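Since this is a predicted model, take the numbers as computed values, not measurements. The chains referred to below are lettered A, B, ... by the order of the sequence lines, with proteins before strands, and numbering in each begins at 1.
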Amino acid sequence: MKKRKQVEQIASVERQHKKKSFHDKALELVRRVPFGKVTTYGAIAEALGAKLSARMVGYALHSAVNTDVPAHRVVNRFGALTGAIHFGHPDRMRQLLQAEGVSFLADGTVDMEKHFYAFRKAPQTAKRRKPLT
DNA sequence: ATCGTGACTGGGA
DNA sequence: ATCCCAGCCACGA
């Protein structure tokens with residue numbers, strides 16, 4: 001559906017006009033994730049006040065490899081290393097985490113119970129979905 | 001300039 | 001339970 005795309009584009013332009021780069025802010029937050037801890041795309045997006053932009057966070061990190069940003073500490077909400085494919089070798093990301101003492105579960109995901117790092121931003125429990133029906 | 005899509009996520013059907 | 005959709009931002013074609 002094109003309408004959806006158009007709406008997104010318009011929103012994007014407006015955001016850029018009034019705010020600073022979401023991209024840069026996201027990377028800044030990632031830098032705050034402590035050694036041995038991991039966070040999620042959604043957590044970062046939420047901390048930035050745009051919890052629906054989780055996807056964008058990953059995109060931002062894409063251009064952050066080979067920088068001081070610890071991109072390997074960002075996993076998806078389940079603790080899966082979805083960004084591993086961007087680390088050259090499929091196991092690279094996991095190795096980086098293990099080198100920091102991060103433990104994994106049997107299914108290969110990060111043990112979020114132990115290592116999840118939450119940002120100070122208060123969690124918003126308000127619903128964001130449209131009412132519908 | 002427009003259009004599609006992505007390292008996501010939660011809610012609806 | 002599974003599958004689909006909508007919403008955010010940035011960037012390449």
Side-chain angles (χ1 to χ4, degrees):
Chain A
M1 301 182 177
K2 296 181 179 180
K3 186 184 73 175
R4 174 183 162 189
K5 302 301 180 183
Q6 295 177 343
V7 171
E8 291 180 11
Q9 282 304 113
I10 293 173
S12 175
V13 172
E14 293 179 344
R15 297 293 181 189
Q16 280 185 59
H17 191 58
K18 68 175 71 172
K19 299 168 82 177
K20 207 137 193 255
S21 171
F22 176 94
H23 177 104
D24 294 327
K25 290 182 179 178
L27 297 186
E28 227 172 286
L29 277 180
V30 175
R31 262 182 295 233
R32 289 196 217 165
V33 180
F35 183 95
K37 288 288 187 179
V38 300
T39 191
T40 68
Y41 303 99
I44 294 169
E46 183 176 350
L48 290 177
K51 48 199 301 192
L52 298 185
S53 311
R55 234 154 104 202
M56 237 298 300
V57 176
Y59 193 90
L61 289 177
H62 174 263
S63 61
V65 285
N66 297 322
T67 69
D68 60 324
V69 178
H72 60 283
R73 294 181 194 147
V74 184
V75 301
N76 79 353
R77 71 183 156 144
F78 300 121
L81 310 189
T82 50
I85 61 175
H86 296 285
F87 282 80
H89 187 282
D91 295 324
R92 179 72 182 293
M93 187 175 183
R94 183 176 55 74
Q95 292 172 348
L96 285 172
L97 290 172
Q98 292 184 317
E100 298 188 0
V102 173
S103 53
F104 289 75
L105 302 180
D107 61 2
T109 62
V110 171
D111 186 341
M112 298 302 267
E113 297 282 314
K114 294 183 181 176
H115 307 288
F116 177 67
Y117 173 76
F119 295 100
R120 274 173 287 187
K121 180 79 176 187
Q124 302 168 37
T125 50
K127 296 182 180 180
R128 58 185 117 51
R129 284 296 146 202
K130 58 184 175 164
L132 185 57
T133 37

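- The CD1-C1' distance, from I85(A) to dG6(B), rounds to 10 Å in whole Å.
- The nucleotide whose nearest atom lies closest to any side-chain atom of M93(A) is, among dA7(B), dG6(B), dC8(C), dA7(B).
- Of all heavy-atom pairs between R31(A) and P70(A), the closest is CA-CD, 3.9 Å.
- If you take CG of L61(A) and P of dC11(C), they are 13 Å apart, rounded to a whole angstrom.
- Taking only side-chain atoms of R55(A), from C-beta outward, the nucleotide of dC11(C), dA7(B), dC8(B) with the closest atom is dC8(B).
- The side chain of N76(A) sits closest to dC8(B) out of dC8(B), dA7(B), dC8(C).
- Here the side chain of T82(A) is nearest to one of dA10(C), dT9(B), dA7(B), namely dA7(B).
- Proximity of a side-chain donor or acceptor of T39(A) to a complementary backbone N or O of Y117(A) within less than 3.5 Å is detected.
- Atom-to-atom, CE of M56(A) to C1' of dC8(B) comes out at 11 Å; the value is rounded to the nearest Å.
- One can place NE2 of H86(A) at 8 Å from C1' of dG6(B), the figure rounded to the nearest angstrom.
- If you take atom P in dT2(C) and the same atom in dA7(B), they sit 22 Å apart, rounded to whole Å.
- A60(A) comes within contact range of no nucleotide atom at all, as no heavy-atom separation falls under 4.0 Å.
- Within 4.0 Å (heavy atoms only), F87(A) reaches at least one base atom of the nucleic acid.
- In this structure, of dT9(B), dA7(B), dG6(B), it is dG6(B) that holds the atom nearest to the side chain of Y59(A).
- By the neighbour-count criterion of 12 heavy atoms within 6.0 Å, atom CZ of R94(A) is densely surrounded, having more than that number from other residues, nucleotides or ligands.
- Here the P atom of nucleotide dG6(B) and the CD1 atom of I44(A) are 20 Å apart, to the nearest Å.
- Set against dA7(B), dC8(C), dA10(C), the side chain of H62(A) has dA7(B) as its closest nucleotide.
- Here the shortest heavy-atom pairing between A80(A) and V75(A) reads O-CB, 3.4 Å.
- Residue L52(A) contributes atom CG, which lies 19 Å from atom P of dG6(B) at whole-angstrom precision.
- Distance CD (E46(A)) to C1' (dG10(B)): 12 Å, rounded to an integer number of Å.
- Distance, F22(A) CZ to dA10(C) P: 8 Å, rounded to whole Å.
- Under the 3.5 Å distance criterion, with hydrogens and angles disregarded, no donor-acceptor pair is assigned to the side chains of H115(A) and E100(A).
- Y41(A) contributes a side-chain N or O that forms a donor-acceptor pair with the base of dA7(B) under 3.5 Å.
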